[in-house]
Number of protein chains: 2
Amino acid sequence: MKRITGSLVVVMTLVAGVAFTPITSRYSTAQQAAPIFVKKIPAGYRDWKVISVAHEAGDLNDIRAVLGNNIAIKAYRAGKLPFPEGAIVGRIAWSYVSSEENNKVFGRDQSFVAGAPTEFYLQFMVKDSKKYAATGGWGYSSFDKDGKPTDEAAMKTCFPCHQAVKDRDFVFTKYAP
Amino acid sequence: MKRITGSLVVVMTLVAGVAFTPITSRYSTAQQAAPIFVKKIPAGYRDWKVISVAHEAGDLNDIRAVLGNNIAIKAYRAGKLPFPEGAIVGRIAWSYVSSEENNKVFGRDQSFVAGAPTEFYLQFMVKDSKKYAATGGWGYSSFDKDGKPTDEAAMKTCFPCHQAVKDRDFVFTKYAP
């Protein structure tokens, strides 16, 4: 039961930013042949440009920035699909925190800001059509605040969810104007 | 009454990202001598790095990214106050929209994303200690989705609110890790 809850949280974690999916038996075979998970945090991600922002309520209870490397941003702005090789979409998730300081100024409880990093702090999807052919051309990754990758069992929930947006090259987040 | 509500909305709009304040008579005099409002959208702001993100509930009902130009980001990361000359802190506010698509994947209503630009779409505070000496060394600006500046009467609500965080050089938003 715990495992199911854990997986659900991972699935939910990813939809608004970078999402993941359960792998079918076909993909499990592919996984043995070639890794579908990225284990390294892309360099310089904190400097990337903003694709959009989101708030996930419920168990996740986070507020997030979805960022892209230059290849991803260029493709987003051109409205071109599929994303080119080397595109990376990432998201940073912080705890969703009510700001007492801001609310005091407003005179009402209305301000929510980014707090500490969450359990699934950083997530990325990396486009490499050959390497990650088994999962729609994207390799998925997820890290906690210490840079430790999320365990692979949970990571298998990534790709199936993303299949819901196959027509957008498996990417949920739309570019905010 | 309408005017009061309007001003309140402007005040609230700015606190979580870039905030503004009513000008006292002393500042009104200064305003006549030197403009305290910036009327031009800083070039390339959409490419700036992320300082943090926030959600303003209530009348504003927006979700926002707070960005900084390189001078501002460098100061934030170094934890240095006051901000150096030329620093610009900006924020983009989008409508706070429930994502039916994401909720369908989650199986529950929990996902909120960025929608269309809001009435106070873009706001910036520009550091120029001499030019904007009358308002703490920052010039304030606000624009709607068409790039039209917010009227000056409403803009006068900027600086007074920011005085609440004078010890952080009048900047509300903290850098998210």
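Quick note on labels: first sequence line is chain A, next is B, and so on, each numbered from 1. Predicted model, so just to flag it, every value in this text is computed and none were measured.
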Please rank A:Ser52, A:Gly107, A:Ala116, A:Ala57 by heavy-atom pairs under 4.5 Å with chain B and give me the top one.
A:Ala57
Find the distance between CG (B:Asn70) and CG (A:Asp47) and round it off to the nearest 0.5 Å.
8.5 Å
Given side chains that start at C-beta, do those of B:His55 and A:Val113 come closer than 4.5 Å, heavy atoms only?
no
Closest-packed option against chain B by number of heavy-atom pairs under 4.5 Å, given A:Tyr121, A:Tyr175, A:Tyr96:
A:Tyr175
Using a cut-off of 6.0 Å, state whether more than 12 heavy atoms not belonging to A:Lys148 lie near its atom NZ.
no
Region of A:Leu122 in contact with chain B, defined by heavy-atom distances below 4.5 Å:
neither
Indicate yes or no for a side-chain donor-acceptor contact from B:Arg46 to the backbone of A:Lys49 under 3.5 Å, with no hydrogens or angles considered.
no
Heavy-atom count around A:Lys130 NZ within 6.0 Å, excluding the residue itself: above 12?
no
Within a strict 4.5 Å, meaning less than it, do heavy atoms of the B:Arg64 and A:Val53 side chains meet?
no
Name the region of B:Ile73, side chain, backbone, both or neither, that has any atom closer than 4.5 Å to a heavy atom of chain A.
neither
Could you tell me the separation between the CZ atom of B:Arg108 and the CG atom of A:Asp59, rounded to the nearest 0.5 Å?
5.5 Å
Residue pair B:Trp94 / A:Pro177, side-chain heavy-atom distance below 4.5 Å
yes
Taking side chain as C-beta onward, heavy atoms only, is A:Trp48 less than 4.5 Å from B:Val50?
no
Between A:Ala114 and chain B, which part of the residue has a heavy atom less than 4.5 Å away: side chain, backbone, both or neither?
both
Tell me, do B:Glu56 and A:Phe112 make a side-chain contact under 4.5 Å, heavy atoms counted?
no
Less than 4.5 Å to any heavy atom of chain A: does that hold for the side chain of B:Val165, its backbone, both, or neither?
side chain
